[in-house]
Amino acid sequence: MEVVLIAITRGVSAGIGGCELTHLEREAIDVARARAQHRAYEAALARAGCRVESLPAIDDLPDSVFVEDVAIVLDEIAVITRPGAESRRPETAHIAPVLARHRRVTFIQAPGTLDGGDVLRLGRRIFVGRSGRSDESGIEQLRAVAWPYGYTVTTVPVSGCLHLKSAITEAAPGFVVVNPAWVDAAAFGDVRVIEIDPDEPYAANGLMAGGRLIYPVSFPRTRQRLEAAGIAIEPVDVSELQKAEGAVTCCSLVFPAE
Ligand code: CIR
């Protein structure tokens with residue numbers, strides 16, 4: 001039977017210009033353009049076969065379009081995070097009831113912090129970036145939730161970028177795309193590694209869905225490397241969201257329907 005994928009998204013906040021920034025200089029963000037790009041991203045998810053559940057924008061939560069950071073959805077349970085950036089913590093109250101329609105939910109408790117952008121799942125192996133956003137307590141709490149279901153949880157050092165998934169994502173089954181300056185791919189065991197083009201440091205974030213990779217148009221050199229490995233690309237322009245230090249995984253939560 002075909003697996004139905006759910007993709008949860010949230011519209012772009014009118015206040016996105018006030019987003020958190022860690023490694024980028026603030027640039028003006030054109031909200032109308034960001035919203036148009038986000039709609040095109042949702043359309044790419046739909047073309048990849050996802051059933052898109054598009055939630056309304058929350059104008060007083062600037063980063064709320066980046067739904068990936070507020071939850072980790074496993075097949076068995078959803079973990080509502082406690083984001084490392086204080087300004088983002090109110091986002092969790094908005095996602096918990098949505099995920100409760102799909103999974104039993106549990107919560108990361110204070111003082112632990114965890115951002116979904118730091119969590120990379122490869123099958124039953126979960127890797128968590130020890131970044132500025134996710135701490136030992138948050139990682140340990142995720143481990144306690146996940147191990148009874150047979151997942152291993154491994155902490156991975158990251159440096160120079162916001163989240164683990166700024167540095168590495170799954171590009172296709174058995175493949176990862178990596179920025180070796182930010183994370184050591186040796187930590188991920190038996191996977192085929194595609195390195196980004198060094199001129200495109202932010203190119204290690206792609207979103208696998210429906211047998212293809214949703215991938216920004218802004219990284220043509222790395223795209224060539226991915227295509228040379230036989231990976232089908234679904235291109236999206238997310239230039240306005242990139243100004244908010246966002247990428248493609250961070251704008252959705254994609255998981256199989258129950
Ligand atoms: C933040 O700093 O939290 C947002 N401006 C960007 C979050 C991007 N999230 C992600 O890549 N998972």
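Being a predicted model, the structure only gives us computed values, none of them experimental. No hydrogens, no waters, no symmetry mates; every other heavy atom, side chains included, goes into these values. When a ligand or atom number is given, it counts from 1 through the structure's own listing order.
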**Q.** Closest protein heavy atom (residue, atom, distance) for atom 9 (N) of ligand 1
**A.** D69 OD2, 2.8 Å
Q. Would a line drawn from the ring center of F219 to the ring center of Y202 be shorter than 6.0 Å?
A. no
Q: Start with the C-alpha gap between Q242 and S218, add the side-chain angles, then the distance that decides, and say whether side-chain hydrogen bond (donor to acceptor under 3.5 Å, both in side chains) holds.
A: CA-CA 10 Å; Q242 286 168 330; S218 46; 3.1 Å; yes
**Q.** Structural part of T22 in contact with ligand 1, heavy atom criterion under 4.0 angstrom
**A.** neither
**Q.** Nearest protein heavy atom with distance in Å, relative to atom 8 (C) of ligand 1
**A.** E245 O, 3.4 Å
Q: Output all residues satisfying side-chain contact (heavy atoms from CB on, under 4.5 Å) with A228, sequence neighbours left out; order by chain, then residue number.
A: none
Q. Tell me, which protein residue and heavy-atom name are nearest atom 4 (C) of ligand 1, and how many Å apart are they?
A. D63 OD1, 3.1 Å
Q. With atoms numbered from 1 as shown, which atoms in ligand 1 lie under 4.0 angstrom from a non-hydrogen atom of H163?
A. 9 (N), 10 (C), 11 (O), 12 (N)
Q: Considering only NZ, NE, NH1 and NH2 on the basic side and carboxylate oxygens on the acidic side, decide whether R192 and E170 come within less than 4.0 Å.
A: no
Q) Residues two or more places apart in sequence or in another chain: which of them pass side chain to side chain donor-acceptor pair (under 3.5 Å) with E68? A) K165, T249
(Q) Give me the nearest non-hydrogen protein atom to atom 2 (O) of ligand 1 as residue plus atom name, then the distance to 0.1 Å. (A) R133 NH2, 2.8 Å
(Q) Taking R35 first and then D59, would you say they form a salt bridge - that is, a charged N and a carboxylate O separated by under 4.0 Å? (A) yes
Q. Can you find an N or O of R88 that's nearer than 3.5 Å to an N or O of ligand 1?
A. yes
**Q.** Proximity of E20 to ligand 1 by residue part, where a heavy atom lies under 4.0 Å
**A.** both
Q: For the pair D69 and R88, find out whether any cationic side-chain nitrogen is under 4.0 Å from an anionic carboxylate oxygen.
A: yes
Q) Who's the nearest protein heavy-atom neighbour of atom 6 (C) of ligand 1, and how far? A) A244 O, 3.4 Å
Q: May I ask you to list the atoms of ligand 1 that are less than 4.0 angstrom from any heavy atom of G117?
A: 12 (N)
Q | Pair R47 + E234: basic N to acidic O under 4.0 Å | A | yes
(Q) Students should be able to answer this: which protein heavy-atom is nearest to atom 10 (C) of ligand 1, and at what distance? (A) C250 CB, 2.9 Å
